[in-house]
Asks: 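Please find one structure pasted underneath; my questions will follow.
Heavy-atom basis, side chains included; hydrogens, waters and symmetry copies ignored. Nothing fancy with the numbering, it's 1 onward along the sequence.
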Amino acid sequence: MKLSITDQTLPRYHLLGTLIVVLALSLALGGSFMWMAQGEHLQVIQRLEKGFELKKQERLRTEMAAAIGYLDFVHSRTEAALKSALQEKVSMAIQTAQGIYDREHGRRPEAEVKRLIIEALRPQRFFDGRGYFFVDDQQGTCILLPIAPALEGSSLWDNRDDQGHYIMRGLVDAARSDITGGLSRYRWYSPDDPRKMSDKLAFVRLFEPFGWVIGTGDYLYKWEEARLQEGLDRLRAWSFGDTGRFMVMDDEGRMLTQLRGADAERPALDSAITAQERATRQRLLTLGRAGGGIAEFPWPGSSAGGQDTRTAMVEPYAPWKIIVVASLVNEEMQAALASEKDSAAAALRVRMPQFIGMTVIAAALALGASLLFSRWMSSLFRAYHARLDAHTRTLEKQAGELRLAGHVFDSSREGIIITDPETRILAVNPAFTAITGFSPEDVLGRSPGVLRSGYHAPEFYASMWASIRDTGSWSGEIYNRRKDGHVYPEQISIGTVRGPDGEVRHYVGTFLDISERKEAESRIRHLAEFDTLTQLPNRALLTDRLSQAIALARRSGDKLAILFIDLDRFKNINDSLGHAMGDRILQEVASRLCLIVRESDTVSRLGGDEFVVLVTGLEHAGNAMPTAQKILASLGRPYQLDDHELQLTPSIGIAIYPDNGSDNDALLKNADAAMYHAKSSGRNNFQFFTPELNQWVTDRLRIENGLRHALEREEMQIHYQPQVDLGSGRIVGCEALLRWYPADGAPIPPDRFIPVAEETGLIHPIGLWVLDEACRQLAQWDAEGAAKIRMAVNVAVPQLRRPTFVQQVETTLAHHHLAPGRLEIEVTESVFLDPDAQIRETLRSLTDMGVKLSLDDFGTGYSSLSYLKNFRFDVLKIDRSFVSELARSHDDMTLVRAISSIARDMSLITVAEGIESEEQQRILTELGCNLGQGYLFSRPIPASEFRRLVMPAS
């Protein structure tokens with residue numbers, strides 16, 4: 001339907017359209033708010049579920065760590081208990097022999113006394129019948145062997161076990177080693193399998209009156225079985241929470257302790273288990289053989305016929321070849337989770353009516369405001385229409401007056417433009433069209449803004465119109481744009497035409513194109529400020545730019561550098577090939593210099609073969625070194641001119657503001673002096689004006705050059721410092737620390753070479769090597785049977801900026817067959833100050849992979865609790881500065897307690913660094929700290945020495 005547009009209908013259409021748009025926008029806004037509230041509610045529910053799941057797994061890890069610690073304790077008592085029992089029995093035998101000797105010696109013949117002692121010891125049995133006393137002389141002759149009387153009187157000196165150990169010789173040496181006796185380890189035939197030898201431990205003492213070796217022994221595996229049963233009994237009775245229980249199976253899948261329902265022991269017969277339980281057992285067994293982890297499985301519930309879903313932590317215990325399973329029923333923590341979900345749902349239900357009410361109110365207010373606005377606009381439209389009619393009548397009256405000026409207007413060589421008081425173009429002359437390219441039809445009724453070039457800021461035009469309003473005119477230079485897009489300069493004058501009552505009737509502008517004049521001025525200025533041969537700034541322009549740079553550096557606190565460059569033996573080229581060839585080389589030098597420096601820097605030719613480079617915005621004086629290195633490399637490349645290949649080298653002197661001068665003359669003079677020092681040092685090098693800075697540059701270059709070859713020369717090593725459970729004293733992890741031992745010098749500490757590696761980008765290959773070497777070493781310890789520990793590797797911020805870092809970590813772990821949870825990436829708080837979004841994405845991807853994140857030096861730098869909320873860290877490392885004065889500083893103790901409390905509430909592990917005394921360890925344990933590292937436990941040591949700390953006792 002075609003609308004009929006009139007003075008009366010247009011305001012109505014405007015009102016109707018405004019009401020429809022406002023109502024639609026209000027409803028859309030209210031709907032979007034409710035949709036966002038629903039989305040936030042779903043996110044809250046997801047965070048709650050994930051948080052409860054993490055707490056459940058952390059609880060299982062804590063209980064499992066305690067259980068494994070108890071088994072370690074029980075296992076460690078095996079040999080000590082056997083040794084104590086053997087000593088007790090041998091002491092009894094010695095007392096028996098000594099008593100008989102004291103009573104019968106001198107009364108009976110010596111042979112009779114010996115017989116009485118032998119007959120007294122022969123029938124004695126212990127250790128469930130396995131134990132007996134044996135007697136030998138120190139030459140290996142058997143005197144008493146109750147289990148093989150036929151061997152008595154024969155020599156057993158050359159008897160060996162299945163590993164080649166001389167049994168009798170070992171017993172005699174142990175007896176001689178100490179007056180109180182000694183231990184000897186060997187292998188002997190097992191009572192359970194007479195064809196197979198097993199490890200046996202014997203304790204022997206010398207019976208001085210006859211020089212006999214009296215002793216007894218027993219099989220280690222029998223005592224280990226007793227200790228294993230002791231550990232199983234403890235785990236069988238162990239419970240945590242309402243439903244938390246342990247069950248244990250051997251590495252063949254046989255259940256040693258198990259569950260039935262909520263907490264009852266199930267029958268030991270495998271025939272009594274269901275197919276589902278058998279499948280569950282096989283699944284747990286497979287997980288344990290793979291190194292352990294988290295699993296969920298169904299299990300008969302406490303109610304008749306019911307089923308519970310349990311979450312389990314599975315971990316193998318290598319010393320006894322068993323698999324320990326800690327589990328609890330998922331529903332145990334569901335009540336708290338359901339309560340949190342109900343609270344979130346209630347909050348959403350409260351907010352929904354509020355959103356709806358606010359939407360209705362906003363729509364009503366918007367509709368009312370639109371109605372009032374539309375009516376106001378209608379009145380303005382009518383008033384404007386009346387003024388437009390009056391204005392038209394006035395123009396018709398003035399038309400006659402304008403005809404007189406028409407001839408002058410059309411014939412003028414200056415461009416003329418006439419506008420109304422609202423600056424709408426009313427007329428332009430032919431000169432306007434000739435200069436701008438715009439015809440009258442292109443611009444009439446439009447604003448002069450159609451000519452704007454974009455070269456002037458809004459403030460320029462605001463100042464121009466302020467002058468026109470205040471004085472009635474303005475003149476000056478301005479850049480405008482022709483119709484073809486070309487920008488040109490013009491000289492323009494703008495005047496105001498007023499009526500009899502002083503009201504503004506027109507604005508008249510006259511202008512001339514001054515492009516040719518500007519080009520002439522530019523050529524003159526270029527000749528005065530630029531070198532004619534190289535087109536580089538000359539000394540005059542350099543002086544001006546240097547003065548401005550010094551003023552800017554003085555305000556900002558930055559430094560700037562003057563690099564004074566002189567070409568070595570350039571005179572030889574002029575003398576041998578001519579000045580024309582020399583000029584071409586100077587032009588090539590200028591071209592190369594311009595390609596090296598930044599746009600904010602200045603390259604200048606002072607004359608002859610002398611060039612100056614002005615480098616601004618330096619934070620440190622040493623930051624001028626990379627530019628000098630680039631200049632040496634670029635200008636030192638061969639110059640191919642016609643058939644000539646020429647080789648030139650530069651000598652460069654460097655002066656720094658404000659260190660070497662605070663004005664132009666001082667900086668240029670000192671840079672020139674440094675350049676002559678470079679020439680006297682052999683040419684083709686750069687020298688700073690100060691000896692101290694030169695030494696710093698020399699040391700940094702030595703470190704940088706050494707780092708480039710350190711890996712291929714195998715100069716890098718990794719030392720490992722253990723992380724110890726403060727409660728049990730067990731080593732649970734270690735930190736990989738990089739060390740550099742150059743082949744041609746003393747070791748260089750990390751705080752000197754790591755910053756250089758980060759600045760030069762060498763941190764990427766070095767960091768990747770450290771990651772691979774640490775994971776390789778951890779896998780090797782695993783293969784050798786060492787305790788399962790975590791490896792902490794320090795990572796620098798530049799590594800986290802690379803999108804490929806996460807893939808490198810994943811590839812390294814897969815190559816060495818390590819679970820992600822065995823690796824701990826350690827970062828400092830400087831990552832929080834880096835705005836690069838890639839760092840956050842890298843950290844998020846690492847945690848999603850399962851790698852642990854550790855925050856080093858917590859509390860000393862930029863610590864903020866918001867970081868712990870925004871980043872999912874697993875470990876907080878308490879800085880050594882809090883630990884060193886812990887026993888004497890109440891403030892340090894309060895801070896450590898607060899950090900430990902925060903970490904515990906957020907399910908984080910705390911690691912205290914720099915522990916050097918047992919008192920510090922005790923205080924940290926009382927304050928709730930989990931782990932510790934420091935010289936009390938071990939210094940950072942090579943892998944070969946660290947291996948002895950984590951390998952099980954043999």
Asks: To the nearest 0.5 Å, how far apart are CD1 in I492 and OG1 in T510?
Replies: 7.0 Å
Asks: Would E588 and R592 count as a salt bridge (Lys or Arg N to Asp or Glu O under 4.0 Å) here? Give the steps.
Replies: CA-CA 6 Å; E588 177 64 19; R592 294 186 185 185; 3.0 Å; yes
Asks: Are the ring centres of W465 and Y507 closer than 6.0 Å?
Replies: yes
Asks: Test Y657 against S662 for side-chain contact (heavy atoms from CB on, under 4.5 Å), laying out the working first.
Replies: CA-CA 6 Å; Y657 170 85; S662 58; 4.1 Å; yes
Asks: Minimum heavy-atom separation for S604 and N538, please, with both atom names.
Replies: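 So the minimum-distance heavy-atom pair works out to OG-O, 3.5 Å.
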Asks: Aromatic rings H456 and Y479: how do their planes relate, parallel, tilted or perpendicular, breaks at 30° and 60°?
Replies: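 Rings of H456 and Y479: tilted, as their planes differ by 30° to 60°.
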Asks: Would V797 and E758 count as a side-chain contact (heavy atoms from CB on, under 4.5 Å) if you check the C-alpha gap in whole Å, the side-chain angles of each, and the deciding distance to 0.1 Å?
Replies: CA-CA 8 Å; V797 170; E758 292 184 12; 5.8 Å; no
Asks: Do you know the tightest heavy-atom contact between E490 and F511?
Replies: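 Shortest heavy-atom separation between E490 and F511 comes out as OE1-CD1, 3.3 Å.
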Asks: Taking the side chain as every heavy atom from C-beta outward, state whether Q535 and S591 have any atom pair closer than 4.5 Å.
Replies: no
Asks: Between F689 and D659, is any pair of side-chain heavy atoms under 4.5 Å apart?
Replies: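 When only atoms from C-beta onward are counted, D659 and F689 do not touch, as no gap falls below 4.5 Å.
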Asks: Between Q647 (side chain) and Y639 (backbone), is there a donor-acceptor pair under 3.5 Å?
Replies: no
Asks: Step by step, work out the salt bridge (Lys or Arg N to Asp or Glu O under 4.0 Å) result for D665 and K669.
Replies: CA-CA 6 Å; D665 294 339; K669 182 186 69 174; over 6 Å; no
Asks: Report yes if some heavy atom in the side chain of C594 is under 4.5 Å from a heavy atom in the side chain of L536; otherwise report no.
Replies: yes
Asks: Holding to side-chain contact (heavy atoms from CB on, under 4.5 Å), I want the full list of residues that pass it with P803, two or more places apart in sequence or in another chain.
Replies: Q838
Asks: Does K630 offer a backbone N or O that forms a donor-acceptor pair with the side chain of S634 under 3.5 Å?
Replies: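 Judged by distance alone, no pair lies under 3.5 Å.
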Asks: Check whether any side-chain N or O of R554 sits under 3.5 Å from a backbone N or O of P658 as a donor-acceptor pair, and report yes or no.
Replies: no
Asks: Taking all heavy atoms of Q687 and all of A678, pick out the closest pair and write down the distance.
Replies: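 Result for this residue pair: CG-CA, 3.6 Å.
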Asks: Taking everything shown except Y461 itself, do over 12 heavy atoms lie less than 6.0 Å from its OH?
Replies: yes
Asks: State, yes or no, whether a side-chain contact exists between L667 and L560 at a heavy-atom distance under 4.5 Å.
Replies: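 Yes, side chains in contact.
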Asks: Measuring from atom OG of S475 to atom CE of M464, what distance do you get when rounded to the nearest 0.5 angstrom?
Replies: 11.5 Å
Asks: Please determine, by modelled atom types, if S547 and D544 share a side-chain donor-acceptor pair under 3.5 angstrom.
Replies: no
Asks: Decide yes or no for L451 and F432: does some side-chain heavy atom of the first lie under 4.5 Å from some side-chain heavy atom of the second?
Replies: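 A side-chain contact exists here, since the closest heavy-atom pair is under 4.5 Å.
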Asks: Side-chain contact test, heavy atoms from C-beta onward, threshold under 4.5 Å: evaluate it for P489 versus I478 and give yes or no.
Replies: no
Asks: I'd like to know if the side chain of T433 and the backbone of F438 have a donor-acceptor N/O pair within less than 3.5 Å.
Replies: yes
Asks: Where do A561 and I656 come nearest, in terms of heavy atoms and distance?
Replies: CB-CD1, 3.6 Å
Asks: Please report the C-alpha distance between D601 and L614 in whole Å, then the side-chain angles of each, then the deciding distance to 0.1 Å, and finally whether the side-chain contact (heavy atoms from CB on, under 4.5 Å) criterion is met.
Replies: CA-CA 6 Å; D601 300 333; L614 168 61; 5.9 Å; no
Asks: Taking atom CD as the centre, does E422 end up with more than 12 heavy-atom neighbours from other residues, nucleotides or ligands that are less than 6.0 angstrom away?
Replies: yes
Asks: Testing L563, L606, L635, L586 one by one against F611 for a side chain to side chain contact (heavy atoms under 4.5 Å, CB included), which residue passes?
Replies: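 Answer after filtering L563, L606, L635, L586: L586.
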Asks: So, taking the atom named OG1 in T842 and the one named CZ in R802, what distance separates them when rounded to the nearest 0.5 Å?
Replies: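 Result: 11.5 Å between the selected atoms.
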Asks: Can you give me the closest heavy-atom contact between T602 and P537, atom names plus distance?
Replies: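 So the minimum-distance heavy-atom pair works out to CG2-CG, 4.2 Å.
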Asks: Does R482 CZ have over 12 foreign heavy atoms under 6.0 Å away?
Replies: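 Count over threshold, so yes.
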Asks: Considering non-hydrogen atoms only, spot the tightest contact between Y488 and T436 and give its length.
Replies: OH-CG2, 3.4 Å
Asks: Any sub-3.5 Å donor-acceptor pair from S463's side-chain atoms to E459's backbone N or O?
Replies: no
Asks: If we only count heavy atoms from C-beta on, is the V615 to V597 side-chain gap below 4.5 Å?
Replies: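 Not touching, per the 4.5 Å side-chain cut-off.
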Asks: With side chain to side chain donor-acceptor pair (under 3.5 Å) as the test, would you mind laying out the steps for D568 and S651 before giving the verdict?
Replies: CA-CA 7 Å; D568 300 329; S651 295; 2.6 Å; yes
Asks: Is the shortest heavy-atom distance from the side chain of R801 to the side chain of I839 under 4.5 Å?
Replies: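 In short, these two side chains touch, coming nearer than 4.5 Å.
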Asks: Answer yes or no: is there a donor N or O on one side and an acceptor on the other, between the side chain of R605 and the main chain of L533, under 3.5 Å?
Replies: no
Asks: Ignoring hydrogens and angles, tell me if any N or O in the side chain of N664 forms a donor-acceptor pair with the backbone of T543 under 3.5 Å.
Replies: yes
Asks: Working to the nearest 0.5 Å, report the span between CG of D420 and CG of L426.
Replies: 5.0 Å
Asks: Quick one: does S453's side chain have a donor or acceptor within less than 3.5 Å of a partner on V487's backbone?
Replies: no
Asks: So, taking the atom named CZ in R545 and the one named CG in L552, what distance separates them when rounded to the nearest 0.5 Å?
Replies: 14.0 Å
Asks: Dump the intermediate steps for side-chain contact (heavy atoms from CB on, under 4.5 Å) on I565 and L593, then the final yes or no.
Replies: CA-CA 10 Å; I565 305 167; L593 288 175; 4.0 Å; yes
Asks: Under the 3.5 angstrom rule, does the side chain of D609 hit a backbone N or O of F570 as a donor-acceptor pair?
Replies: no
Asks: Just by distance, do the side chain of H644 and the backbone of L646 share a donor-acceptor pair under 3.5 Å?
Replies: no
